[in-house]
Number of protein chains: 2
Amino acid sequence: MEDTPKRVTRRRAATRARLLEAAFEVFAARGFGRVSIEEICEAAGFSRGAFYSNFATLDELFFALYQERADLIASQVAEALAQDGPGLDVPASVDRVTEVLLLDVDWLLVKSDFLVHAARDPEVARALLEHRARLREAIADRLRRARGHTELPAVLGDAQGAAHAVVAAYDGVTVQLLLDRDVEAARAWLGRLLTALLTDGSRILA
Amino acid sequence: MEDTPKRVTRRRAATRARLLEAAFEVFAARGFGRVSIEEICEAAGFSRGAFYSNFATLDELFFALYQERADLIASQVAEALAQDGPGLDVPASVDRVTEVLLLDVDWLLVKSDFLVHAARDPEVARALLEHRARLREAIADRLRRARGHTELPAVLGDAQGAAHAVVAAYDGVTVQLLLDRDVEAARAWLGRLLTALLTDGSRILA
DNA sequence: CCCTTCGGATACATGAACGTATCCGATACA
DNA sequence: TGTATCGGATACGTTCATGTATCCGAAGGG
């Protein structure tokens, strides 16, 4: 079905990368809905021919862009979680993860665009859901690893449930951050929310 | 600066309303970014002339639409919160509010579009922030009224802080709902999150 | 060193959306 | 009932993005 002509791959990979990078900037600045193909090509220093040689449609580029960055973030989170021992030091872990997740407002902007895009395209939604599931699983693993050292509130159920709550808190804080652009406040809030969720309210921060 | 010719107001109000209603449906179905003015007019059964007679731009219509619906929701939430006595019955309150907030997926879709729109337009962002502040204040009032009957976890600070957390939880659950479209699951999750946040984890659901 | 193949540029045709300017019917008021 | 004004429809010109078809230069193989 698909012929894979794998010659001359160097130049091609470079322009593809430049296109993706330029697309990220343009999407972040103007929003997916308002961006034209030409605009991206211009920002990347290419003509539209280059675009159509690498992508069939703007949606396809957007999808590729999201996957690239999302995988990057996911691995960074996993790394941040793996960084301390079996005992879960909640404040420290939260700080490190928060640092990764709320580092780049531009990424949050693009991610939100991708969300509303996915909300109307089942295929895209599936991909996003899978990605979120992977992230939740990483968090749940970490929480499970901490069992016995730290106990979770019962309301959330198992580690899987707690991970779900963590992601929800992250998403919730993101919304406010997109509006007020106050990264520090968002970090603080996410920290407070996560400690409230992951620890026994009566026991922490006496 | 502005002349306000207030004659013949009946027909005008009706077409404006029909335009807004049609816009809501079209926005929900296709997303703000993909919608043309003509599309809305078609759905409303009007020509573009009618649109330009009532709104200067699509952004203006979107803004009006959001305000209309958001005010409606806000009053419904306030009503749901006022419904029980001074003692805060967390599960019952949460159920009622949840019912209102997670009733209409279409509204959540439109709201998300508006969010990413606002995230890039400071003017719009201000309006949205004010609206969120009003909603938070209503919740905080309710929580304060319950002081002495139910105590809040200390991590979140005062009632204002707790209200902030409630909104964050709502936003977080919304994101997942937009992807999996499972309203019941979302309601259940929001309930669990809110009870986890608003009550002492060790004390509830023994 | 040629020459085949590939990648990106250029040129072109098409269609869609926009905003305006003008027209006609309807409505409110005398 | 007449009439002035208002609201929405129609018609028009223009801009802009898209996708394709073709061309040229450059990289890589023999």
Side-chain angles (χ1 to χ4, degrees), chain A residues 1-65 113 117 120-121 124, chain B residues 1-65 68 113 117 120-121:
Chain A
M1 291 286 179
E2 278 296 322
D3 46 309
T4 53
K6 271 173 185 168
R7 226 175 109 196
V8 197
T9 328
R10 256 203 318 286
R11 207 172 33 142
R12 194 171 181 78
T15 69
R16 189 188 150 98
R18 272 175 63 190
L19 279 172
L20 286 171
E21 190 183 355
F24 178 80
E25 286 164 18
V26 177
F27 283 157
R30 309 222 325 130
F32 178 63
R34 298 195 180 283
V35 167
S36 70
I37 292 175
E38 177 135 29
E39 207 168 345
I40 292 173
C41 298
E42 206 170 332
F46 287 113
S47 201
R48 277 204 339 281
F51 176 90
Y52 284 106
S53 172
N54 281 278
F55 303 96
T57 163
L58 194 61
D59 285 16
E60 188 182 311
L61 178 148
F62 196 23
F63 192 85
L65 170 61
D113 277 357
H117 182 226
R120 291 180 183 87
D121 184 329
V124 179
Chain B
M1 292 291 177
E2 277 296 321
D3 45 314
T4 52
K6 271 174 185 165
R7 224 176 110 196
V8 199
T9 329
R10 246 191 338 275
R11 201 168 40 135
R12 194 171 181 77
T15 67
R16 189 189 149 97
R18 271 176 63 191
L19 278 172
L20 285 172
E21 190 184 354
F24 178 81
E25 286 163 18
V26 177
F27 283 157
R30 311 223 322 129
F32 178 62
R34 299 195 182 280
V35 167
S36 71
I37 292 173
E38 178 136 28
E39 207 169 344
I40 292 174
C41 298
E42 206 170 330
F46 288 113
S47 202
R48 274 202 343 279
F51 176 89
Y52 283 107
S53 171
N54 282 278
F55 304 95
T57 162
L58 194 62
D59 285 17
E60 188 181 311
L61 178 149
F62 195 22
F63 192 85
L65 170 62
E68 193 189 61
D113 277 357
H117 183 226
R120 289 178 184 90
D121 184 330

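All values derive from a computational prediction rather than experimental measurement. All chains are named by letter (A, B, ...) in the order of the sequence lines, taking the proteins before the strands, and each is independently numbered beginning at 1.
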To the nearest angstrom, the CG-C1' distance between N54(A) and dA9(C) comes to 14 Å
Side-chain contact, heavy-atom cut-off 4.5 Å: N54(B) with F46(B)? no
Roughly how far apart are H117(A) NE2 and F32(A) CZ, rounded to 0.5 Å? 4.5 Å
R10(A) side chain near dG28(D) phosphate (N/O to OP1/OP2, under 4.0 Å): yes
Take the protein atom CZ of R30(B) and the nucleotide atom C1' of dA17(C), then report the distance between them rounded to whole Å. 13 Å
Taking CD from E60(B) and P from dG19(C), how many angstroms apart are they, rounded to a whole number? 12 Å
Atom pair distance, as rounded to whole Å: CG in L61(B) and C1' in dA17(C): 16 Å
Please pick, from dA28(C), dG8(D), dG7(C), the nucleotide with the shortest atom-to-atom distance to any side-chain atom of F46(B). dG8(D)
How long is the line joining CZ of R11(B) and P of dC29(C), in whole Å? 14 Å
Are the side chains of F55(A) and I37(A) in contact, using a 4.5 Å heavy-atom criterion? no
Mind checking what makes side chain to side chain contact (heavy atoms under 4.5 Å, CB included) contact with R30(A), not counting sequence neighbours? R34(A), V35(A), E39(A)
Set of residues satisfying side chain to side chain donor-acceptor pair (under 3.5 Å) with respect to R16(B), sequence neighbours excluded: none
Rounded off to whole Å, could you give me the CZ-to-P distance for the R12(A) and dG8(C) pair? 6 Å
How far apart are the closest heavy atoms of F27(A) and D113(A), and which atoms are they? O-OD2, 4.1 Å
Picking from dG25(D), dA9(D), dT10(C), the nucleotide nearest the side-chain atoms of S47(A) would be dT10(C)
Rounded to whole Å, CG of D59(B) lies from P of dG19(C) at a distance of 10 Å
Is there any protein nitrogen or oxygen under 3.5 Å from a nitrogen or oxygen in nucleotides 17-19 of chain D, and what are the pairs?
unit_1	atom_1	unit_2	atom_2	d
dT18(D)	OP1	I37(A)	N	3.3
dT18(D)	OP2	I37(A)	N	3.3
dG19(D)	OP2	Y52(A)	OH	2.5
dG19(D)	N7	R48(A)	NH2	2.9
dG19(D)	O6	R48(A)	NH2	2.3

Considering only heavy atoms, which members of residues 15-29 of chain B lie under 4.0 Å from some atom of DNA chain C? none
Residues that R48(A) engages under salt bridge (Lys or Arg N to Asp or Glu O under 4.0 Å), provided they are two or more places apart: E38(A)
Can you list everything that forms a side chain to side chain donor-acceptor pair (under 3.5 Å) with S53(A)? Sequence neighbours excluded, please. R12(A)
